[in-house]
2 protein chains.
Amino acid sequence: MSKQKKHPPTPKRARIVDVANAAGVSTATVSRALTGSGRVGPELMQRIEEAVVATNYVPDSVGRALRRQRSDLWAVIVSDIRNPYFVELISAIEEVASLEDQSLVLYNTDELQVRERRFIGSAVAQRMSGVIIAVASEQDSDLSALEEAEIPTIVVDRRVQGFSGDSVVLDNIQAGKLAAEHLLKLGHTRILGLFGPSAASTTFDRYIGFKAAYENSQNRNYGTSSLLTDIRADQAQAVTAHALRGGLRPTAIYAANGALSAGAYRAVQASGLRVPEDISILGTDDTPWATMVRPALSVITQPVAEMGKVAAERLVKRNQNPEVEPLHLVLSPELVIRETTGPIHQ
Amino acid sequence: MSKQKKHPPTPKRARIVDVANAAGVSTATVSRALTGSGRVGPELMQRIEEAVVATNYVPDSVGRALRRQRSDLWAVIVSDIRNPYFVELISAIEEVASLEDQSLVLYNTDELQVRERRFIGSAVAQRMSGVIIAVASEQDSDLSALEEAEIPTIVVDRRVQGFSGDSVVLDNIQAGKLAAEHLLKLGHTRILGLFGPSAASTTFDRYIGFKAAYENSQNRNYGTSSLLTDIRADQAQAVTAHALRGGLRPTAIYAANGALSAGAYRAVQASGLRVPEDISILGTDDTPWATMVRPALSVITQPVAEMGKVAAERLVKRNQNPEVEPLHLVLSPELVIRETTGPIHQ
DNA sequence: TTGTACGCGTTATCAG
DNA sequence: CTGATAACGCGTACAA
């Protein structure tokens with residue numbers, strides 16, 4: 001005699017035992033048949049398949065996850081969900097996830113440590129099978145909880161202190177260098193550099209690379225004024241506008257991320273200055289508008305789709321074999337010269 | 001102090017029973033203390049809190065979900081994850097989810113029924129506490145599985161046949177009407193209309209609204225040629241380019257979604273025609289580039305952030321009380337006149 | 001090859 | 001206010 005109305009008023013959903021009964025076999029056999037984890041006779045297989053259809057059975061992921069101690073969930077933790085760069089990254093990861101029958105859990109830290117901490121805790125609590133993360137801070141982000149929980153973790157876009165697992169990042173020093181060399185070659189010495197957000201390793205590296213290239217050049221007496229800050233697009237616009245109104249205004253601007261590029265472009269547009277005759281603009285990341293504006297934006301680009309794909313595939317591999325040697329992939333940026341960068345013109 | 005472990009060196013996470021032992025209470029009391037589902041004496045509460053810290057306990061979401069028959073997961077199913085419109089929608093939903101301690105599972109159907117079907121199955125299998133969906137097809141999308149599983153479902157952006165639950169959509173007929181009236185007022189009669197994707201109710205409604213406004217106007221002998229199709233941005237560009245080369249070319253273009261707007265804009269740019277003197281362009285959705293290009297794009301916009309927020313909050317409410325009357329919210333589009341639309345000019 | 005039985009971690013029920 | 005305990009649905013030793 002079983003009690004009937006015990007738990008919440010749940011709707012009836014077929015369980016594995018219902019399938020077993022319908023097929024006249026045991027639950028173990030049904031499980032084996034459905035997961036392919038053991039040999040099952042052809043005639044039983046047939047009966048089970050019919051029973052699955054008849055009962056409209058869908059395996060319960062929660063029960064399965066509890067038993068397996070691992071859910072079919074990947075977390076993707078990014079610092080800014082609206083940034084087209086991350087959208088592209090997420091999109092690439094999603095493609096692989098879908099292929100692997102994994103569900104993508106999206107977390108947006110908004111560059112905030114507290115949120116990141118919470119999300120990592122969530123991933124652990126839900127026993128996710130993987131985490132791909134663009135950390136909020138190189139110094140302060142803490143991935144140890146993931147390590148302890150033995151959740152495969154791939155660090156993308158930004159480095160983290162104290163993490164030695166898989167990582168897929170850009171050669172950001174090279175990105176900064178590429179930018180500087182391009183502007184140097186065009187004769188620019190008075191440059192406004194916009195860098196941010198300050199806690200990201202990408203920011204730091206681009207800044208270092210950019211500065212180093214200038215200091216190593218013949219042209220030592222340059223007058224770069226670089227802002228390494230946490231401003232967003234609209235503030236970048238204000239800062240740029242201010243710089244353009246100054247007496248000794250820059251002849252070129254280098255914006256080290258997508259949002260800053262937009263702010264800079266807008267400010268220049270509003271200033272009425274001619275581009276690139278009066279001022280050059282070199283942006284970062286191939287945002288959709290880069291090729292729609294006139295003049296079209298010259299940029300330093302990243303192979304972001306590849307980064308996402310590689311990171312996701314790495315997750316798959318590490319789940320198959322946790323012992324594989326950590327991957328430390330560093331991809332190369334590219335300079336795409338369009339119309340906003342030109343020789344200095346007095 | 002070391003715990004005795006079984007042979008496998010698998011580092012075990014603290015369970016609720018570990019906390020209970022450390023605090024010298026029962027698991028039931030720990031559970032009540034942590035979930036706040038029952039009153040617990042202050043001294044025990046104190047001990048339990050200490051024990052939680054001491055054991056570094058994190059409640060296991062999987063075990064909880066199994067017991068509760070409901071996980072802390074929301075699915076967001078959209079048809080195109082790269083569309084800035086959906087990015088904005090997702091972003092708004094994520095904000096609420098984070099507040100509610102729900103994790104967002106992102107599914108991208110890419111307008112494909114098969115994928116949508118799979119994702120819905122996934123949401124059911126994982127016993128998610130809610131689904132927000134922009135369906136792939138008004139006619140063919142099937143939400144009955146969610147209904148059977150009693151998963152609160154909010155339909156956004158696009159209608160679905162046979163669904164009578166909560167929905168948050170735009171008045172798309174009005175959107176089409178707004179577009180037509182604006183162009184009518186400017187004197188345009190030869191218009192290229194770009195509509196898509198064909199299976200979406202948004203497409204249909206905008207088309208109907210647009211057409212109706214023209215037919216109801218004094219100006220009956222208009223020559224709109226409307227393409228209702230599944231083309232994407234690059235194909236829209238080709239189609240537009242072709243139309244512009246024709247002998248009797250349109251004096252205005254209405255693009256009924258973001259991607260088509262981009263294609264149209266690019267084609268016009270390449271044609272060398274003056275905007276809006278030679279040709280007007282009216283786009284849809286306030287994509288980031290709309291205000292960066294010159295001339296800036298006139299558009300029909302939607303309150304997308306509000307749509308996401310309302311949908312998410314509705315999910316919360318329905319989880320609290322499944323019996324509330326279904327919400328059928330229809331929001332209003334707005335016409336934002338910028339620089340790409342002007343009076344006809346022979 | 002197939003079946004039995006147990007446990008994954010949690011919470012709701014029930015009794016005290 | 002607290003404790004003991006029975007499920008939730010599944011996969012897998014172990015037994016047959």
Side-chain angles (χ1 to χ4, degrees), chain A residues 1-21 23-48 51-52 55-72 124-127 149, chain B residues 6-8 10-21 23-48 51-52 55-72 124-127 129 149-150:
Chain A
M1 236 158 284
S2 62
K3 308 186 179 181
Q4 296 181 357
K5 283 199 167 184
K6 258 234 125 167
H7 290 309
T10 56
K12 48 184 163 84
R13 203 171 113 191
R15 297 155 304 166
I16 199 171
V17 62
D18 300 318
V19 178
N21 289 340
V25 299
S26 74
T27 60
T29 304
V30 175
S31 176
R32 281 188 285 255
L34 266 38
T35 63
S37 59
R39 304 223 46 87
V40 174
E43 63 274 49
L44 287 193
M45 188 64 111
Q46 172 78 7
R47 294 223 306 271
I48 290 171
V52 166
T55 56
N56 191 27
Y57 174 66
V58 179
D60 185 311
S61 303
V62 179
R64 172 175 290 177
L66 182 62
R67 173 64 224 216
R68 291 221 239 250
Q69 301 277 70
R70 188 119 300 191
S71 62
D72 289 337
V124 172
Q126 308 194 39
R127 294 189 127 87
Chain B
K6 306 208 169 184
H7 306 136
T10 50
K12 257 195 152 185
R13 268 170 54 186
R15 297 154 303 164
I16 199 171
V17 61
D18 300 319
V19 178
N21 290 339
V25 298
S26 74
T27 60
T29 304
V30 175
S31 176
R32 280 189 288 255
L34 297 182
T35 62
S37 59
R39 302 241 54 86
V40 174
E43 62 270 55
L44 287 194
M45 188 63 112
Q46 172 80 7
R47 294 223 305 270
I48 289 171
V52 165
T55 56
N56 192 28
Y57 173 66
V58 179
D60 186 311
S61 304
V62 180
R64 172 175 293 177
L66 181 63
R67 173 63 226 216
R68 295 225 244 244
Q69 302 277 68
R70 190 117 297 191
S71 62
D72 289 337
V124 172
Q126 309 193 41
R127 292 184 185 277
S129 61
E150 291 187 350

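Only heavy atoms go into these numbers, but all of them, side chains included; no hydrogens, no water, no symmetry mates. Throughout, protein chains are lettered first and strands after them, A, B, ... in sequence-line order, and every chain is numbered starting at 1.
Close to dG9(D), at under 4.0 Å from its OP1 or OP2, lies no side-chain N or O of Arg64(A). For the OP1/OP2 pair of dT2(C) and a distance below 4.0 Å, the side-chain nitrogens and oxygens of Thr29(A) include no atom meeting the criterion. Residue Arg127(B) places at least one side-chain N or O closer than 4.0 Å to OP1 or OP2 of dG9(D).
Taking all atoms of both residues into account, the shortest heavy-atom contact from Leu34(A) to Tyr57(A) is CD2-CE2, 3.5 Å. Across all their heavy atoms, Arg32(A) and Val40(A) have their closest contact at CB-CG2, 3.9 Å.
Put simply, CZ on Arg47(A) is 16 Å from P on dT1(C), counting in whole angstrom units. Spacing between atom CZ of Arg32(A) and atom C1' of dA15(D) amounts to 12 Å, rounded to whole angstrom units. If you take CD1 of Ile16(B) and C1' of dA4(D), they are 14 Å apart, rounded to a whole angstrom. Atom pair Leu34(B):CG and dG9(C):P shows a separation of 16 Å (rounding to whole Å applied). Rounded to a whole Å, the CD atom of Gln69(A) is 13 Å from the C1' atom of dT12(D). Between Gln46(B) atom CD and dT2(D) atom P the separation is 14 Å, expressed in whole Å. The interatomic distance linking Arg70(A) (CZ) with dG9(D) (P) rounds to 24 Å, in whole Å. With rounding to whole Å, Glu43(A) atom CD is found 11 Å from dT1(C) atom P.
Side chain of Asp60(A), nearest nucleotide from dT10(C), dC10(D), dC14(C): dC10(D). Between dT5(D), dA5(C), dT10(C), one nucleotide has an atom nearer to the side chain of Pro59(B) than all others, and that is dT10(C).
Residue contacts shown for Val25(B) are limited to sugar-phosphate atoms, with no base heavy atom under 4.0 Å away.
When the nearest nucleotides of DNA chain D are assigned to Leu66(B) and Ser26(B) by heavy-atom distance, the more 5′-ward of the two goes with Ser26(B).
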